[in-house]
Structure formats: C-alpha cells, structure tokens
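Model, not experiment: these values are computed from the prediction. Computation of the quantities below employed the complete heavy-atom set of this structure, encompassing side-chain atoms and omitting hydrogens, waters and symmetry-equivalent molecules. Letters A, B, ... mirror the listed sequences (proteins, then strands); counts begin at 1.
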Amino acid sequence: MPELPEVEVTRRSFAEPITGAVIRQFQMGKPLRWPLGCSPAKLVGKQITSVRRRGKYLLIDLNQGLLLVHLGMSGSLRFAPQLGPLQTHDHMDMVTSQGTLRLHDPRRFGAVVYVPSEASPTVQKLLGHLGVEPLDDGFDPLDFYRALQTKKTAIKQVLLHGDLVVGVGNIYASEALFRAGIRPTLAAQKISKSRAQRLHQSIRDVLHHAVERGGSTLNDFTNAHGEQGQFQIEAMVYDRQGLPCRICKNKIKKMVQGQRATYYCSVCQKN
DNA sequence: AGGGTGACCTGTCGGC
DNA sequence: TGCCGACAGGTCACCC
C-alpha cells in the first residue's frame with residue numbers, strides 16, 4: 001500500500017491535529033516487524049511535538065525521544081477524536097489529549113519503534129543508508145546521473161533499492177520509468193545523461209502528482225481520516241498487463257524482476 | 001562491497 | 001463449494 005506519496009498523504013492528514021497532544025494511553029497488539037523498544041507505559045505523559053517523514057518512515061517527535069512508524073506493505077493509520085473498539089489487525093493504539101492514532105496492519109510488516117534520540121543506533125540502522133528525498137531540492141539531476149553510472153543493476157531494481165533515492169516503490173518505479181521512456185531492465189550505468197535527467201524529472205513528477213491526488217487506492221489505501229486517493233485511476237502501466245498502452249495502444253507487458261512484478265510498454269520504453 | 005535470494009505474515013483471487 | 005498455490009504496495013539479514 002504505502003510508497004512515499006501514501007506515507008506523505010498520511011503524514012499531512014494527522015500532523016497538525018496531533019501536534020501538541022499528550023499521550024494518555026499506549027497499547028500494542030500482535031508483534032510487528034520489530035519490538036517497540038520500551039515499555040508502552042513509558043510513553044504515557046510524553047508530548048508530540050511534530051510529525052516528519054524520511055523515505056517511507058514517519059517520525060513522530062516527542063518531547064523526549066521519537067517514534068519511528070513504518071506502514072510496511074499493508075499498514076494504514078487513522079487519527080480521530082474518538083475511534084471505536086479495536087478491530088482485528090489493529091496493532092497500535094495511542095490515545096492522546098487530542099485524539100487517537102491507530103495502526104491497522106494485516107500483514108504486520110510494519111513497525112512502531114521508540115528511540116530515545118535521533119542519534120540512537122537504531123535510527124542509524126533503519127535510516128542511515130537511505131538515499132536522497134526525491135521531492136527535496138537536494139535531489140539533483142546531475143548527482144543522480146553520476147550515481148546511476150556506478151550501478152550495474154537494472155534501473156528498476158536501483159530505484160527500488162532506496163540507497164540512491166528513497167520512496168520509490170513498486171508502483172511508482174514502473175510509472176516513472178514509463179514516463180521517462182526507459183526499459184526497466186536497462187542497466188543503470190547505461191543510461192545517458194539526458195535520459196537520466198528525464199528520469200529524474202519523471203520520478204519527481206509522478207510522486208508529486210500522486211501526493212496531490214491523495215495517494216494510490218490500488219486496493220484500499222486511505223489517509224488518516226479514512227479517505228481514499230485516486231492515483232490508480234491514472235496508472236499508465238501498473239497492473240495493466242494485456243491492456244492497450246494509453247499512448248501507443250500496444251499491449252502492456254508484465255515481467256518479474258527480483259521477485260517483484262514490473263509493467264512496461266515495449267514500444268514506448270527503450271533500452 | 002555489491003548484488004541476489006529468502007524470510008517475515010495475512011488476505012484475496014484464480015484455477016481445478 | 002472447497003482446497004491450493006500464486007501473489008500483494010517493503011526491506012532486512014544473509015549468502016556468494
């Protein structure tokens with residue numbers, strides 16, 4: 001469910017209303033990817049000072065320490081003044097003075113981790129290797145080209161890997177490569193400077209556009225108010241195998257790279 | 001060191 | 001209808 005746009009849409013939907021709130025109760029359900037890292041009781045009384053994002057992680061800053069939240073493959077957050085009884089797959093419930101934040105995550109690939117400070121080794125382990133933020137000014141086309149020159153791997157895999165640029169998941173990797181006219185299997189180091197610059201722009205465009213449209217609803221994405229996004233309506237290639245390309249009418253193809261599905265148009269996307 | 005694979009967990013869908 | 005395998009938006013640990 002969540003790539004960068006979905007995580008950012010989620011962040012925007014609850015960052016303001018939760019800022020300044022004091023945690024009144026905190027409880028975890030079944031184990032997630034990693035343990036919380038402290039007793040839930042320790043979080044009671046702490047105040048939320050801001051909500052940031054790094055890649056696909058949400059960083060909930062507290063007056064002491066911070067919570068790292070990852071939505072994994074199937075996670076979603078809700079924030080509301082009042083939420084009903086816990087449902088199956090609700091695995092974090094944080095009652096605050098300004099509303100309740102709840103994580104719903106059927107597959108439990110997500111995580112909620114408390115760290116005492118951003119200098120903690122856990123932060124280094126989880127965030128230390130992450131590449132540049134694609135929507136920030138620090139994402140520079142020439143730097144991007146130079147970095148691609150060092151990678152022999154297929155460009156699709158490089159985008160997914162996250163050490164070069166963060167936040168591009170399986171949907172938006174296919175979409176960005178379609179927009180750039182680049183075949184997903186092409187070795188990253190074979191991409192020319194001008195094509196790398198076009199890909200750089202495509203990544204920014206596709207992610208920016210998806211954030212503006214409220215994220216993908218491929219299955220069931222909702223923001224923290226339970227509202228759906230509408231990106232999937234406009235997907236050019238993702239999950240469209242056998243359907244006509246929206247540009248050239250050739251059939252969209254599907255293949256597998258690194259055990260993940262890749263979609264592309266063999267006419268519009270070239271090696 | 002970089003690159004490839006398996007593992008984590010649950011739900012859904014298509015085929016027989 | 002029921003069972004079984006394949007697959008789903010992520011990413012870390014481990015192998016070579």
*Asks:* Once you apply a heavy-atom cut-off of 4.0 Å, does A/H161 come out as touching a base, just sugar-phosphate, or nothing?
*Replies:* nothing
*Asks:* Report yes if the side chains of A/K151 and A/Q189 come closer than 4.5 Å at any heavy-atom pair, otherwise no.
*Replies:* no
*Asks:* Would you check if there is a donor-acceptor pair between the side chains of A/N223 and A/T10 at a distance under 3.5 Å?
*Replies:* no
*Asks:* Name the residue closer to the 5' end of DNA chain C, choosing between A/V168 and A/K125 according to the nucleotide with the nearest heavy atom.
*Replies:* A/V168
*Asks:* Which residue, A/Y263 or A/H129, contacts DNA chain C at a nucleotide closer to its 5' end, judged by nearest heavy atom?
*Replies:* A/Y263
*Asks:* Rounded to the nearest angstrom, tell me the gap between atom CG in A/L160 and atom P in C/dG9.
*Replies:* 9 Å
*Asks:* So, A/E6 and A/Y172: side-chain donor and acceptor under 3.5 Å apart, yes or no?
*Replies:* yes
*Asks:* Grab the CG-C1' distance between A/D90 and B/dT10 for me, whole Å please.
*Replies:* 14 Å
*Asks:* In whole Å, I'd like the distance from the CG atom of A/L4 to the C1' atom of C/dG10.
*Replies:* 13 Å
*Asks:* Please tell me which of the listed nucleotides, B/dT5, C/dT11, C/dC12, lies nearest to the side chain of A/K56?
*Replies:* C/dT11
*Asks:* Rounded to whole angstroms, how far apart are CG on A/D163 and P on B/dG2?
*Replies:* 9 Å
*Asks:* Between C/dT11 and B/dA1, how many Å separate the two P atoms, rounded to a whole number?
*Replies:* 24 Å
*Asks:* On a whole-Å scale, what distance lies between the P atoms belonging to C/dG9 and B/dG3?
*Replies:* 23 Å
*Asks:* For the side chain of A/K254, counting heavy atoms from C-beta on, which of B/dG11, C/dA8, C/dG10 is nearest?
*Replies:* C/dA8
*Asks:* Kindly say if A/T153 contacts the phosphate of B/dG3, meaning a side-chain N or O under 4.0 Å from OP1 or OP2.
*Replies:* yes
*Asks:* Looking at C/dC4, which nucleotide sits across from it as a Watson-Crick or G-U wobble partner, both distances under 3.5 angstrom, or is there none?
*Replies:* B/dG14
*Asks:* Let's see if you get this right: which residues in residues 103-121 of chain A place a heavy atom under 4.0 Å from DNA chain C?
*Replies:* A/R107, A/F109
*Asks:* Does C/dG9 have a Watson-Crick or wobble partner in any strand here, with both distances under 3.5 angstrom, and which is it?
*Replies:* none
*Asks:* Assess, by modelled atom type and distance only, whether the side chains of A/K190 and A/N271 contain a donor and an acceptor separated by less than 3.5 Å.
*Replies:* no
*Asks:* Suppose you measure atom P in B/dC9 against the same atom in C/dC14; what distance do you get, rounded to whole Å?
*Replies:* 16 Å
*Asks:* Grab the CZ-P distance between A/R54 and C/dG10 for me, whole Å please.
*Replies:* 16 Å
*Asks:* Separation of A/L32 atom CG from C/dG10 atom C1', in whole Å?
*Replies:* 14 Å
*Asks:* Looking at A/W34, A/F109, A/Y57, which one forms a ring-ring contact (aromatic ring centres under 6.0 Å, His included) with A/H70?
*Replies:* A/Y57
*Asks:* Kindly point out which of B/dT10, B/dG4, B/dC8 is positioned nearest to the side chain of A/R33?
*Replies:* B/dC8
*Asks:* What integer distance in Å separates A/M73:CE from B/dT12:P?
*Replies:* 15 Å
*Asks:* What is the distance, to the nearest angstrom, from the OH atom on A/Y57 to the C1' atom on C/dG9?
*Replies:* 15 Å
*Asks:* Test side chain to side chain donor-acceptor pair (under 3.5 Å) on A/S74 and A/D105; report intermediate values, then the result.
*Replies:* CA-CA 5 Å; A/S74 58; A/D105 185 5; 2.6 Å; yes
*Asks:* At less than 4.0 Å, is any side-chain N or O atom of A/Y238 found next to OP1 or OP2 of C/dA8? Yes or no.
*Replies:* no
*Asks:* Among A/L58, A/L62, A/V51, find the one that has a side chain to side chain contact (heavy atoms under 4.5 Å, CB included) with A/L67.
*Replies:* A/L62
*Asks:* Indicate yes or no: does A/E133 engage A/R54 in a salt bridge with an N to O separation below 4.0 Å.
*Replies:* yes
*Asks:* Whether A/R260 contacts C/dG9 is assessed here as follows: a side-chain N or O lying under 4.0 Å from the phosphate OP1 or OP2. Is that the case?
*Replies:* yes
*Asks:* Side chain of A/K152, heavy atoms from C-beta onward: which of B/dG3, C/dC12, B/dT10 has the nearest atom to it?
*Replies:* B/dG3
*Asks:* Suppose we call two aromatic rings close when their centres sit under 6.0 Å apart. Are A/F144 and A/F139 close by that rule?
*Replies:* yes
*Asks:* State whether A/H70 places a side-chain N or O below 4.0 Å from either non-bridging phosphate oxygen (OP1 or OP2) of C/dC12.
*Replies:* no
